[in-house]
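Working notes for the structure below.
Note that ligands are numbered from 1 as they come in the structure, with each ligand's atoms numbered from 1 the same way.
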Amino acid sequence: MIRVILEGLVKHYGGIAAVDGVSLELRPGGMTFVLGPSGAGKTTLARLVAGLEAPDDGEIFFDDRMVQAVPAHERGVGMVFEDLGLWPGLSVVETVGYPLRVRKQSRGERRYRVAETLTALRIDSLAGRRPDQLTPPQRFRTALARAVVTHPELLILDAPLRTLSPRAREESWEDLRRVHHEAGVTTMVLTDDPDEALAQADWLAVMDLGRIVQAGPPQELYNRPVDVFVARLLGPTNLLQGQVESHGSDGRGEVVVRTPLGRLIGQSGPGHPSPGAPVTISVRPETLAVGPTIPAGWNRFPATLERIVFRGHLRQLHARGPGDWPILVSVLQSHSHGLREGQSLTLSVAPEHVVVLPGKFAVGKASDGVGGAGVP
Ligand code: ADP
């Protein structure tokens, strides 16, 4: 299991910095996700790591070996692309054996490795089929088998399940996790799907405009985003503009912020904004509590419940707070009995869930009466 370290990687195409100073560590045996919108630079980053492109600047280490000068076929990287790249004329067994044939491995060795891999991926009974005779999850397993049959040191998957149905994705994730676990291979997955990244990643790096904006455990990014981009990318959130009034005395980042909902006590990240600084508050809908019983030290404000949307396992409450600010609240079905559209509510939230982010944000028109609430 290798540790991969990327240091200050840069790659330009013409005037565009597709990768613009990326430093990132892929932990040995871990599953690191790089999440970002289309055009963020994910594929370019993967191609640099795999050796399919040369960086303009920066360094790539596999453990303590610098690999920039190592050609792609000697880097020991297995890849699965979005289109899977299966050859229409080759059967499953031929496809999976192909990388070993290229490496001129002996017939006996090839047989053994291919059989072992087909069994691990539950495609041994499909060995003679061609891609058009396979279901989408079976095609994915075949591409994955071809990528791991050489026992790569690093496995890179570029949006591999994007075109699959939700059920097929679920099943394929289970296959991938099992193979990853059994092979213990360091893995990098590129995706634009936040739900997939939050659910599957051991370590999550958010990428935008060629840079890593934030990296850490998925829960940390979800709960403590460093900016509005990360906060919104990872799930619905209420955004409010505010101004820092004062800092708490606990020295742990507690901040008092003046907002259209009144004074809120929140938690800022590193680099505490100074008093008077414009900030954006992010409050996830599921961290708001409804009802008159409020724990000590929590923020509270009144609101009017305008609409209840049934979402199966939960209900979304569309409310308006002071100053007509729209607020989205998610509550479990069992916690929403007796709520009626039009009624008054008391909403409350713990200071740790009032995330104070640097700077202002711009969403929607100032005149649309939405006040900029950033619920996607
Ligand atoms: P992602 O995988 O996140 O969608 P890409 O790495 O494909 O992002 O692209 C990042 C940026 O680099 C985009 O603006 C894209 O147009 C540009 N780009 C990528 N590959 C090339 C290339 N071979 N030639 C020119 N521009 C490219």
Would Glu94 and Ser91 count as a side chain to side chain donor-acceptor pair (under 3.5 Å) here? Give the steps. CA-CA 5 Å; Glu94 288 164 340; Ser91 66; 3.2 Å; yes
Between Glu25 and Trp203, is the side chain to side chain donor-acceptor pair (under 3.5 Å) condition met? List the steps. CA-CA 10 Å; Glu25 184 175 323; Trp203 197 259; over 6 Å; no
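If you check which protein heavy atom lies closest to atom 7 (O) of ligand 1, you get Thr43 CB, 3.7 Å. Given atom 12 (O) of ligand 1, the protein heavy atom at minimum distance is Ala18 CB, 3.2 Å. Regarding atom 8 (O) of ligand 1, its nearest protein heavy-atom neighbour is Gly41 N, 3.0 Å. Among all protein heavy atoms, the one lying closest to atom 9 (O) of ligand 1 is Thr44 OG1, 3.9 Å. Taking atom 13 (C) of ligand 1 as the reference point, the nearest protein heavy-atom neighbour is Gly39 O, 4.0 Å. Counting protein heavy atoms only, atom 20 (N) of ligand 1 is closest to Tyr13 CE1, 3.2 Å.
Considering both main-chain and side-chain atoms, Ile16 never comes within under 3.5 Å of ligand 1 through any nitrogen or oxygen pair.
When hydrophobic side chains of Ile, Leu, Val, Met, Phe, Trp and Tyr are connected at separations under 4.5 Å, Val10 ends up as a singleton with no cluster partners.
Between the side chain of Arg320 and the backbone N or O of Asp324, at least one donor-acceptor pair lies under 3.5 Å.
By the ring-ring contact (aromatic ring centres under 6.0 Å, His included) test, Trp298 pairs with no residue at all, sequence neighbours left out.
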